[in-house]
Amino acid sequence: MAELPKTYEPSAIESRWYAEWMARGYFHADASAPKAPFAIVIPPPNVTGSLHMGHALGQTIEDIFTRWRRMAAYNAMWLPGTDHAGIATQMVVERELKAKEGKSRHDLGRVEFEKRIWDWRGRMGDRILDQLKTLGCSLDWQRTTFTMDPPYSAAVIEAFVRLHEEGLIYRAKRLINWCPSCRTALSDLEVDYDEGVQGELYEFAYPLADGSGEIVVATTRPETMLGDTAVAVHPDDPRHQSKIGKTLEHPFVDRDIPVIADAILVDPKFGTGAVKVTPAHDLNDFETGQRHKLPMISIFDEAGIVNAEGGEFAGLDRFKARKAVKARLKELRLERGSKLHLHAVGHCQRCETVVEPMLSTQWFVKMEPLAKPAIEAVEQGKTKFVPESWSKTFFHWMYNIRDWCISRQLWWGHRIPVWYCSKCKEMTVARATPNFCGHCGAGGDALAQDEDVLDTWFSSWLWPFATLGWPNETRELKTFYPTTVLDTGYDILFFWVARMMMAGLHFMKKVPFRTVYLHTMVTDDKGEKMSKVKGNTIDPVDVIQQHGADALRFALAWLTTPAAQGKNIKFSISNVEDARRFANKIWNSARFVQMNLEGYDADRFADQVADGPDRAELDLPERWILSRVQRAAEEVDTALEEYRISDAAQAAYHFVWNELCDWYIELAKTGLQRAAPGTEARLKIQGALVTALETAMRLLHPFMPFITEEIWQQLPKGSGAPQSIMITLYPVRDVRFYDDASESSMALVQKVIVAIRAIRGEKNIPGPARITVLLAVTDDYKKTILEGYKQIIAEQGRCSEVRVRRSGASFSGEFSLDNTAMLMAGDVEVMVPLDGLVDADAERDKLHKELGKVKTDCDYLTKKLSNAKFV
RNA sequence: AGGCGCGUAGCUCAGUGGUAGAGCACUUCCUUGACACGGAAGGGGUCGGCAGUUCAAUCCUGCCCGCGCCUACCA
């Protein structure tokens with residue numbers, strides 16, 4: 001066996017093992033395997049994506065769960081894939097097209113542009129999946145799915161057609177969120193609101209047509225007055241009551257505007273108490289327009305440019321039009337004032353353009369009937385949220401759910417399966433391109449497919465079952481649906497999780513997952529969101545190269561506490577460095593074990609301990625560490641079951657570092673010195689070392705798959721051992737090795753040793769000096785224990801002699817206790833006679849010197865501080 | 001506006017109705033054959049504030065202060 005290098009070098013090991021695991025097919029789960037299923041579907045990253053810390057966190061968590069359950073003999077399946085990410089991908093390719101060829105997608109046309117995106121995907125796509133491999137993710141690659149794969153697309157179309165047949169999808173002209181830059185409709189969720197933008201509340205007057213005066217309105221968007229079709233006042237407002245029913249003159253367009261009374265829209269305390277009503281460009285105004293049957297006049301085209309309805313302002317962009325309208329109002333002496341006003345402005349989630357509410361014909365999903373079963377399922381505990389508090393957020397959104405605008409004016413995505421007949425103007429909804437109109441029978445030439453595609457989330461909400469073959473009744477669905485746990489960031493609770501709940505219950509009649517584990521967001525160490533613009537990103541790919549995937553994974557696991565609302569993981573590279581130190585510690589503990597294995601026989605040791613430590617006649621340190629490793633196993637396993645990932649990681653860390661390394665290896669060193677090669681005593685120590693380390697490697701494997709495999713492979717194993725740590729059994733408590741008596745004995749011994757070391761430290765007893773230690777105990781039981789393990793105490797405390805007495809019994813006659821240091825170890829008095837150990841004069845000199853130096857420093861600093869100029 | 005959550009060591013965060021914890025940082029000492037990416041020993045906290053319940057409150061209750069997140073609205 002080659003000796004391990006002194007420092008752990010992850011890069012040498014990681015890629016080798018990943019390839020090996022792949023080759024041996026360990027990642028694949030057979031849907032027919034007679035084992036309890038455990039399934040996770042990956043939140044599919046965008047095909048445009050590159051691995052960022054958020055992915056690294058999620059995938060680490062998912063891999064921990066998957067490897068852990070796989071080792072616990074579950075049929076563990078973790079399904080990979082990517083999302084076509086409509087807007088995001090289209091934007092990336094359009095940008096590239098512009099940069100390289102100076103062309104827009106319209107220059108290419110739809111067919112050619114779609115081809116370019118597929119080309120792009122061929123070149124760049126799935127890079128993120130390769131990056132997941134470097135992270136060590138044990139994904140079932142044979143099941144990799146892309147949301148635009150033909151079978152998946154068929155599932156998307158199937159879902160659309162079924163919902164349409166059921167009357168849950170409809171087409172309507174409604175006020176929707178429009179991005180003038182992306183030139184597409186957006187759902188409510190895709191609009192982000194910047195809180196507290198400083199804006200202007202601008203006031204201007206509409207003259208009454210009869211010349212009897214004017215009404216002053218207040219608005220943050222003066223340009224929309226071009227589309228005003230009413231001015232509303234509160235019916236009870238004495239200032240305006242007389243004007244209700246009168247007509248106003250529009251200064252720029254040939255249109256008379258009624259003054260209407262509306263108690264819902266108007267808050268008489270705000271602004272001037274009169275509200276201009278633009279039904280085509282504001283949601284509240286739209287609803288007001290419906291109540292009062294007002295005309296709805298769209299004044300912008302799809303790029304946000306004023307159209308012909310805007311008269312003299314036609315052709316101006318929204319924001320230029322605002323200035324122009326204000327300027328003209330001023331000229332006409334209709335401007336009445338202006339105030340600063342804090343308000344929120346909606347931006348496109350993708351391109352940050354200010355969203356324009358527009359009147360538009362779009363496709364919608366009726367959500368209320370879908371939401372109801374999902375709410376019930378969570379209420380009944382069919383799906384549980386971890387942390388539980390998120391279910392409240394879920395309920396709140398679900399109870400107030402609004403219809404979902406699913407059509408997008410994009411070219412990249414699943415095209416809406418609806419055809420319009422040029423003859424009879426009816427539409428046909430079909431799973432495949434129809435040959436004739438379903439209404440008038442006109443031939444295929446008369447039919448034109450809807451130009452729009454579906455919202456990306458309309459495909460991802462089918463992910464947990466469409467990836468498993470739906471709508472076919474597959475073996476995969478039978479085995480792996482419902483999936484066991486869904487892990488994702490809480491930011492897509494509504495976008496994705498809630499919608500999957502609805503789709504799963506609707507199409508599969510079962511919840512899509514039993515547990516939703518919501519993890520936090522990763523930010524930089526100051527709590528700022530990582531972004532390329534800010535330059536505060538930490539690239540997981542770089543981190544892996546520098547410190548290894550294991551270190552990154554362990555750092556993330558360590559930080560993964562339940563996702564309390566409003567909290568995030570403040571991540572810094574020092575977290576990874578800490579984890580790397582841990583990896584190095586593990587590595588060196590393995591080196592120690594390996595250096596002391598001469599003559600070890602794994603099978604013989606296994607035989608000896610087959611019936612537990614009593615029959616094997618193990619000594620205290622061995623009994624202790626074998627008991628402690630069971631406690632650690634129980635702690636880690638329980639923590640994982642309860643989704644306490646950080647607790648699990650910390651329990652394993654604590655065991656390895658503070659028990660195995662700090663104590664047991666130290667005990668084993670002297671134990672091995674005492675036990676001659678080839679003896680039973682030596683075999684027992686070697687066995688305990690190997691067992692504790694091997695168990696720790698299995699415990700840690702889900703967190704740090706590479707280093708644990710590497711070390712595990714090098715450890716001696718009994719005959720018939722599996723070929724890889726990946727397919728060993730996860731440690732669960734083995735009560736045969738629980739040994740309360742040994743643990744409490746050892747705890748006492750440890751306390752005494754710590755006290756002795758403390759005395760040595762305090763009294764500056766030189767390291768090599770052997771000291772005499774006197775222990776006074778309160779009862780015979782403790783006396784027996786300490787007598788029994790005197791040798792260990794002496795070795796660890798560097799004592800030449802350890803004597804134990806009942807307290808009260810005098811040591812007089814044996815030692816002069818005049819010059820003795822004493823410390824309590826629990827209720828044990830630990831005494832160290834200092835005569836001859838500490839040279840009192842030398843000690844005094846040393847202290848004097850120190851005092852002198854401190855005084856000098858103090859004087860110097862006092863002087864410095866009393867210098868006014870310095871301060 | 002409504003909802004959720006947070007405030008504990010210098011920093012990042014666990015935690016509990018009964019003597020307050022971890023990692024990092026800090027101080028002192030130590031190159032001993034696993035590891036200086038290490039070891040040993042330490043220092044450091046009125047558990048945001050005030051009041052209440054209790055034999056006992058960091059934990060429960062109320063109010064206040066500070067911070068974060070979400071949803072809706074904002075002419």
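Chain letters run A, B, ... following the sequence lines, proteins first and then strands; every chain starts at 1.
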Checklist entry - Which letter, B, S or -, goes with each nucleotide of nucleotides 34-43 of chain B from 5' to 3', with contact meaning a protein heavy atom under 4.0 Å? => result BB-BSSSSS-
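Rounded to an integer number of Å, the gap from A:Q796 CD to B:rU32 P is 17 Å. Atom CD of A:E287 is separated from atom P of B:rA72 by 14 Å (rounded to the nearest Å). One can place CD1 of A:I401 at 15 Å from C1' of B:rA72, the figure rounded to the nearest angstrom. When rounded to the nearest whole Å, the span between CE of A:M824 and C1' of B:rU19 equals 16 Å. One atom, NE2 of A:H654, and another, P of B:rA22, lie 9 Å apart when rounded to the nearest Å. Between the C1' atom of B:rG21 and the CD atom of A:E635 lies a distance of 14 Å, rounded to the nearest Å. Put simply, OH on A:Y399 is 18 Å from C1' on B:rA72, counting in whole angstrom units. Rounded to whole Å, atom C1' of B:rC69 lies 19 Å from atom CZ of A:F394.
For the C1' atoms, the distance from B:rA14 to B:rC24 is 14 Å, rounded to whole Å. B:rG21 and B:rC37 have their P atoms separated by 30 Å, given to the nearest Å. Remark: the separation of the P atoms in B:rU8 and B:rG42 is 27 Å, to the nearest Å. On the C1' atoms, B:rA20 is 8 Å away from B:rC47, given to the nearest whole Å. Atom P of B:rU58 sits at a distance of 31 Å from the matching atom of B:rA41, rounded to the whole Å. As rounded to the nearest Å, B:rA25 and B:rU12 have C1' atoms that lie 11 Å from one another. Taking atom C1' on both nucleotides, B:rC73 is separated from B:rG2 by 11 Å, rounded to a whole Å. Annotation: B:rG18 and B:rC13 have their P atoms spaced 25 Å apart (nearest Å).
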Checklist entry - What do the steps show when you test A:F286 against A:T278 for side-chain contact (heavy atoms from CB on, under 4.5 Å), and what is the final call? => result CA-CA 7 Å; A:F286 174 76; A:T278 323; over 6 Å; no
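Among the atoms of the strands shown, none is found under 4.0 Å from any heavy atom of A:L559. Nucleic acid contact for A:R644: none, since no nucleic acid atom lies under 4.0 Å from a heavy atom of the residue. Contact annotation for A:W390: no contact, since no heavy-atom pair falls under 4.0 Å across all strands. Within the nucleic acid shown, A:N568 comes within 4.0 Å of sugar-phosphate atoms alone, with no base atom in reach, counting heavy atoms only. Across all strands, A:H341 comes closer than 4.0 Å only to sugar-phosphate atoms, never to a base (heavy-atom distances).
Ring to ring, A:F554 and A:H547 are not that close: their centroids are 6.0 angstrom or more apart.
Between A:Y8 and A:W587, the angle of the ring planes lies from 30° to 60°, which puts this pair in the tilted group. Ring geometry for A:W558 versus A:Y653: interplanar angle over 60°, hence perpendicular rather than tilted (30 to 60°).
In this structure, the side chains of A:V832 and A:K763 stay at 4.5 Å or more apart for every pair of heavy atoms.
Screening A:H343, A:H234, A:H341 for a ring-ring contact (aromatic ring centres under 6.0 Å, His included) involving A:F270 leaves a single residue, A:H341.
For the residue pair A:Y202 / A:E335, a side-chain donor-acceptor distance below 3.5 Å is found, with atom types taken as modelled. Side-chain contact annotation: A:K276 with A:T224, donor-acceptor N/O pair under 3.5 Å present. Remark: the A:R591 side chain and the A:N588 side chain contain an N/O donor-acceptor pair separated by less than 3.5 Å.
Position along RNA chain B of the nearest nucleotide to A:A564 versus A:R402 favours A:A564 as the more 5'-ward residue. Mapped onto RNA chain B by nearest heavy atom, A:K269 and A:D188 fall at different nucleotides, with A:D188 at the one closer to the 5' end.
B:rU16 is unpaired under the Watson-Crick or G-U wobble criterion, no partner having all donor-acceptor distances under 3.5 Å. B:rG44 is unpaired under the Watson-Crick or G-U wobble criterion, no partner having all donor-acceptor distances under 3.5 Å. Checking B:rG2 for Watson-Crick or G-U wobble geometry (two distances, each under 3.5 Å) identifies B:rC70 as its partner. Figure legend. B:rG23 is base-paired to B:rC11; pairs are counted as Watson-Crick or G-U wobble with both atom distances under 3.5 Å. Under the Watson-Crick or G-U wobble criterion, with both distances below 3.5 Å, B:rC50 is paired with B:rG62. Using Watson-Crick or G-U wobble geometry with both donor-acceptor distances under 3.5 Å, B:rA56 finds no partner in any strand shown. Both distances falling under 3.5 Å, in either a Watson-Crick or a G-U wobble arrangement, occur for no nucleotide opposite B:rA34.
When the nucleotides B:rC13, B:rC4, B:rA22 are ranked by their closest atom to the side chain of A:Q565, B:rC4 comes out on top. The side chain of A:K570 sits closest to B:rU12 out of B:rA14, B:rU12, B:rC70. Comparing B:rU71, B:rG5, B:rC73 by their closest approach to the side chain of A:K392 singles out B:rG5.
Phosphate proximity of B:rC4 to A:S389: absent, as no side-chain N or O sits under 4.0 Å from OP1 or OP2.
The structure places CG of A:L57 at 4.0 Å from CD1 of A:I61, a figure rounded to the nearest 0.5 Å.
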